[in-house]
Amino acid sequence: MKVCKFGGTSVADASQISKVVQIIQSDPERRIVVVSAPGKRNPSDTKVTDMLIALAKAAMEARPFEDELRAVVERFGQIQRAFGLDGTLTNQIEQDLRSRLAGNKQDKMVFLDMIKAAGEDYCARLVAEVLKTKGIAARYVNPRDAGLLLSNDFGNAQVLPESYQNLAALRQIGQVIVFPGFFGYTRDGRLATFPRGGSDITGSILAAAVKADLYENFTDVDCVYAVDPRIVPDAPPIRVLTYREMRELSYTGFGVFHDEAVVPAVKAAVPICLKNTNNPTSPGTMIVPRRDYRHGEVTGIASAGGFSTIYIGKYMMNRQIGFGRRLLQILEDNRLSFEHVPSGIDNMSVILKTGGLKGSVEQQVLQRIKKELEPDELSVEHDLALIMVVGEGMRYAVGLAARACGALAASGVNIEMINQGASEISIMFGVKQADQIKAVRALSKALLGVGNP
Ligand code: ASP
């Protein structure tokens, strides 16, 4: 059996939902369908989730919100009318949204989650009704009834282990299940959401729980490309990726699939296929546990800006037991996660997202490092971009780093930092953000033979 997840643009309006219906109809193995909230119908449109967030804020600030509320209901009303359904569901949606908005606002995060998850819930109810009118035995299933239990980190929830056992029962249901993405419930019954884009995570959890043969993730692009096509327009498609390659690529800007969503599928070894709702016969990109590869082959190059580095130099650092731990403790106390920690005999750098250092956090961290670690050198650099060169075959590559460095040098890019991942399937280059595009183009030409530096 297959679990299919359809993203926001796939359910943005009635014509998109018609494509979803056809995709489900065309394969009886597609038994569990996870939907996002309706997304943008055109570039200047607003996602339903963003409309709901604005609505929640208006309600929390006691501002009038009638127009915004009507606009949300109308998004669903349009779809309902286009499929010739009567107005019952739209009326229920309006009532439900009004009662959510009248709910307890004491804990803002809890209130916000309750409102912002409504888009997925209404969309799943609507898609189930549409499928029924097309003669498909479909059923909406609520995450509470199915036992999708989450931690109470509202807006950033994690799945609780017992969910998998609870959700396994869905395999026995004979109908096509339509399940809303993005949210579940805490053990004490409050609604909690995953981070933004989290419907991918719901799909992956369900695929793992029911031990699906395949998790299909439908978006609006044909596949993952070896380089962002906005930077290198002739970037080749990637047909097969391993989970590890996906991870290394996804967290630096391969935005097609939520990086957290890889985890449940990996644990259950369910392959993932990224496909396009607008072109469903295209093979898409498969993400699998293992694959064949050629030695020296680079699979993809990903990049992202918005990083900072904290550099610490201290003579005899390598002899100081616990130095690294104490440094990372300071980050932990400030709720900062890090991306990489390149180190030398007497120095360490911590690379982290610049956003985490906002406000007084940067100064607090630096003060503590000064006081507790007494470094000889301490500096912070912002506006850094990371470029990841990734490939299973890179482990056996002789001279690949030399070619990469040569290409960067030839295009006049200064390498601020270089780090080979411990798994040896990636090399990270840190460059000034202003050089990001130039560097990606140079590396693409040298390592993948595409684009012009
Ligand atoms: N609708 C949610 C968002 O826009 C979740 C999702 O689409 O996956 O973030």
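When reading the values below, keep in mind they use all heavy atoms of this one structure, side chains included, and skip hydrogens, waters and symmetry mates. Please read all numbers here as calculations on a predicted model, not as lab measurements. In each ligand, atom 1 is the first atom listed, and ligand 1 is the first ligand listed.
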Run the numbers for me: atoms of ligand 1, each under 4.0 Å from some heavy atom of K47, listed by number. 4 (O)
Give the atoms of ligand 1, by number and element, whose distance to some non-hydrogen atom of R196 is under 4.0 Å. 3 (C), 4 (O), 9 (O)
What about the rings of F182 and F194, do their centers lie closer together than 6.0 Å? no
In terms of the angle between their ring planes, are F6 and F218 parallel, tilted or perpendicular, with boundaries placed at 30° and 60°? parallel
Please confirm whether S36 comes within less than 3.5 Å of ligand 1 when only nitrogen or oxygen atoms on both sides are compared. yes
If I apply the N/O under 3.5 Å rule, does K5 come out as touching ligand 1? no
Heavy-atom closest contact (P264 atom, A208 atom, distance): O-CB, 3.5 Å
State if G198 counts as touching ligand 1 under the rule of any non-hydrogen atom under 4.0 Å. yes
If you apply the rule salt bridge (Lys or Arg N to Asp or Glu O under 4.0 Å), what do you find for R290 with E245, and how did you get there? CA-CA 10 Å; R290 272 170 299 281; E245 288 175 317; over 6 Å; no
Over all atoms of both residues, closest heavy-atom pair of L249 and A302: O-CB, 3.4 Å
Can you tell me if N166 and E162 form a side-chain donor-acceptor pair at under 3.5 Å? no
Output the list of atoms in ligand 1 that are nearer than 4.0 Å to some heavy atom of S199, sorted by atom number. 5 (C), 6 (C), 7 (O), 8 (O)
Is it the case that ligand 1 has an N or O less than 3.5 angstrom from some N or O of G197? yes
Considering only heavy atoms of E120, which atoms of ligand 1 have at least one such atom less than 4.0 Å away? 1 (N), 2 (C), 5 (C), 6 (C), 7 (O)
